[in-house]
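Report on one structure; see the data block that follows.
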Amino acid sequence: MATLLRSKLSNVATSVSNKSQAKVSGMFARMGFQAATDEEAVGFAHCDDLDFEHRQGLQMDILKTEGEPCGDEGAEPPVEGDIHYQRGGGAPLPPSGSKDQAVGAGGEFGGHDKPKITAWEAGWNVTNAIQGMFVLGLPYAILHGGYLGLFLIIFAAVVCCYTGKILIACLYEENEDGEVVRVRDSYVAIANACCAPRFPTLGGRVVNVAQIIELVMTCILYVVVSGNLMYNSFPGLPVSQKSWSIIATAVLLPCAFLKNLKAVSKFSLLCTLAHFVINILVIAYCLSRARDWAWEKVKFYIDVKKFPISIGIIVFSYTSQIFLPSLEGNMQQPSEFHCMMNWTHIAACVLKGLFALVAYLTWADETKEVITDNLPGSIRAVVNIFLVAKALLSYPLPFFAAVEVLEKSLFQEGSRAFFPACYGGDGRLKSWGLTLRCALVVFTLLMAIYVPHFALLMGLTGSLTGAGLCFLLPSLFHLRLLWRKLLWHQVFFDVAIFVIGGICSVSGFVHSLEGLIEAYRTNAED
């Protein structure tokens, strides 16, 4: 009898507990949150076990790199790490069987078997991203912005440095012990976390779309600048700018066959050094004409229609947020990331400001979209040939990254793929997958032919995706994920950056689009 009574009391208590949990879960569901079920609790416990194994695996990897013995030969390999090139949308690493794996799978840019990089090496990568060829359009931004354009070069450096730091802060959360741990590994993972639980993949798709647009537009800009530079280097030849763009694309067509970037990565250091030498040559020539500098041409007023285009140009020259999560995850000392961001952006700000101002003072109102076109013929041909070589060797990186994002988003095997996989069972690229790659190369050519305006395209891209990825999304994600821990001045900075970035993005996009339409009509009439 006593046993039966205890059983009934236990059933009643369980029923009351279940009803209470159901009410609480329903309330949280209506508020947009999702309570963890028993199945999810088991899943969380399993994740904790995997995290422990992952940390043990990382420790074993470190011991192996130092040459110390680490376990039995027949033991299972450690769990793959979460440090990989983030352009692939946050997908896990594939099994480590070959060093020739795709970039997005971690084969080239931060696979788990690669050594960590120092803060200096990370800074070199950031410098390459924000000190590339697109600084050639900054004097044109000063032409339409004057002293306010110089201020924007400084302001954009400060804001991009800040948003890069808060983007990395979104990768971390406190665990139950109060320790700050890395729980995300990419820009896409941050975006998905902000949209969870109602739309767990929406944020990642938005970031992927913006990323694809920026990468493809970067490829288009390389083709445009190649045709522009060659046409202005050899004006006596009966070859138009469009024809030079076609020749450049013919050289780039083998990019469709790329499986990895080993074939071109060895030239990256040489290209970067060559670009710095070219910048020094341009500045040296400008300094030689210092007596003729037109200081009176640097104005305080702005061209209302063309100044927003300058904003897009300046913002686009600072875009690096896309690969920062992967870069920070590959650093030996992630605590040095903030210091690295400070000195790289300070250096970029000083060099860009001096380059833009000195070049504009030399040519004033005659400043062209690509500043090297203002050089005398004898110097221009040599400098432009080096720049074309750099542009052609830089093209494969954004092209390969764009192809990879498209393949993983639309063509990857699995139930969520929209189309069949591009690769066969033996790892070879299928014929129709190769056709799609060739079509992307041809698309960049067509855009370069019909819209051959370097500064306008650069301003359009900077206003559309540059401002979104560098200003709007990082500040929004920071507010969404770390709202309870932010101080009032951090909230103020985030909101101010979001509002200012939104205004600049919309105005720059509209005016760049208007400029492109006007230029297209002018070319059609000619």
Side-chain angles (χ1 to χ4, degrees), residues 132-141 143-144 209-233 235 239-253 255 303 305-317 319 367-373 384 387-388 391-392 394-395 398-399 402 406 438-468 505-526:
M133 286 188 61
F134 302 115
V135 299
L136 300 176
L138 291 180
Y140 187 77
L143 173 64
H144 300 296
V209 169
Q211 187 175 345
I212 290 172
I213 292 174
E214 180 164 325
L215 292 170
V216 173
M217 291 297 291
T218 302
C219 293
I220 295 170
L221 285 169
Y222 282 135
V223 178
V224 170
V225 77
S226 298
N228 180 285
L229 292 173
M230 292 302 294
Y231 176 72
N232 288 284
S233 298
V239 183
S240 65
Q241 181 174 338
K242 295 180 180 179
S243 300
W244 281 117
S245 298
I246 294 174
I247 295 172
T249 306
V251 176
L252 295 170
L253 196 58
C255 292
D303 188 332
K305 288 187 176 181
K306 295 185 177 181
F307 179 68
I309 302 174
S310 303
I311 298 176
I313 293 173
I314 294 171
V315 171
F316 186 76
S317 69
T319 53
T367 301
K368 297 182 179 180
E369 292 186 9
V370 182
I371 195 60
T372 54
D373 289 340
N384 284 355
L387 285 174
V388 170
L392 296 180
S394 301
Y395 182 97
F399 174 81
L406 286 172
C438 293
L440 184 58
V441 176
V442 174
F443 174 76
T444 61
L445 168 64
L446 294 176
M447 288 292 294
I449 289 176
Y450 288 103
V451 195
H453 302 282
F454 180 76
L456 291 175
L457 280 175
M458 190 174 168
L460 180 68
T461 308
S463 300
L464 181 62
T465 60
S505 177
V506 173
S507 62
F509 176 77
V510 171
H511 287 87
S512 297
L513 200 59
E514 289 179 350
L516 286 173
I517 294 173
E518 183 179 352
Y520 182 78
R521 289 176 179 174
T522 303
N523 292 338
E525 293 175 358
D526 295 339

Which pair of heavy atoms, one from [X] and one from [Y], lies closest together, and at what distance?
{"X": "Pro452", "Y": "Val224", "answer": "C-CG1, 4.0 Å"}
{"X": "Thr444", "Y": "Cys219", "answer": "CG2-CB, 3.9 Å"}
{"X": "Ser226", "Y": "Leu392", "answer": "OG-CD2, 3.9 Å"}
{"X": "Tyr395", "Y": "Cys255", "answer": "CD2-SG, 3.9 Å"}
{"X": "Glu214", "Y": "Gly466", "answer": "OE1-N, 4.0 Å"}
{"X": "Ser245", "Y": "Leu445", "answer": "O-CD1, 3.6 Å"}

If you measure from [atom1] on [X] to [atom2] on [Y], what distance do you get to the nearest 0.5 Å?
{"X": "Lys306", "Y": "Ser512", "atom1": "NZ", "atom2": "OG", "value": "12.0 Å"}
{"X": "His453", "Y": "Ile309", "atom1": "NE2", "atom2": "CD1", "value": "11.0 Å"}
{"X": "Leu221", "Y": "Leu457", "atom1": "CG", "atom2": "CG", "value": "5.5 Å"}
{"X": "Phe509", "Y": "Thr461", "atom1": "CZ", "atom2": "OG1", "value": "10.0 Å"}
{"X": "Met217", "Y": "Leu464", "atom1": "CE", "atom2": "CG", "value": "8.0 Å"}
{"X": "Leu136", "Y": "Asp373", "atom1": "CG", "atom2": "CG", "value": "9.5 Å"}

Side chains of [X] and [Y], heavy atoms from C-beta outward: is any pair under 4.5 Å?
{"X": "Leu456", "Y": "Val451", "value": "no"}
{"X": "Val441", "Y": "Thr249", "value": "yes"}
{"X": "Ile314", "Y": "Ile311", "value": "no"}
{"X": "Val225", "Y": "Leu387", "value": "no"}

- Query: Would Val216 and Phe443 satisfy side chain to side chain contact (heavy atoms under 4.5 Å, CB included), going step by step from the backbone distance to the final call?
  - Reply: CA-CA 9 Å; Val216 173; Phe443 174 76; 3.8 Å; yes
- Message: If we ignore hydrogens and angles and just use 3.5 Å, is the side chain of Thr319 paired with the main-chain N or O of Phe316 as donor and acceptor?
- Response: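 It does hold such a pair.
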- Donor-acceptor contact present, side-chain Asn232 to main-chain Asn228, <3.5 Å: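 At least one qualifying donor-acceptor pair exists.
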- Message: Are there over 12 heavy-atom neighbours, none belonging to Tyr231, within less than 6.0 Å of that residue's OH?
- Response: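 Open.
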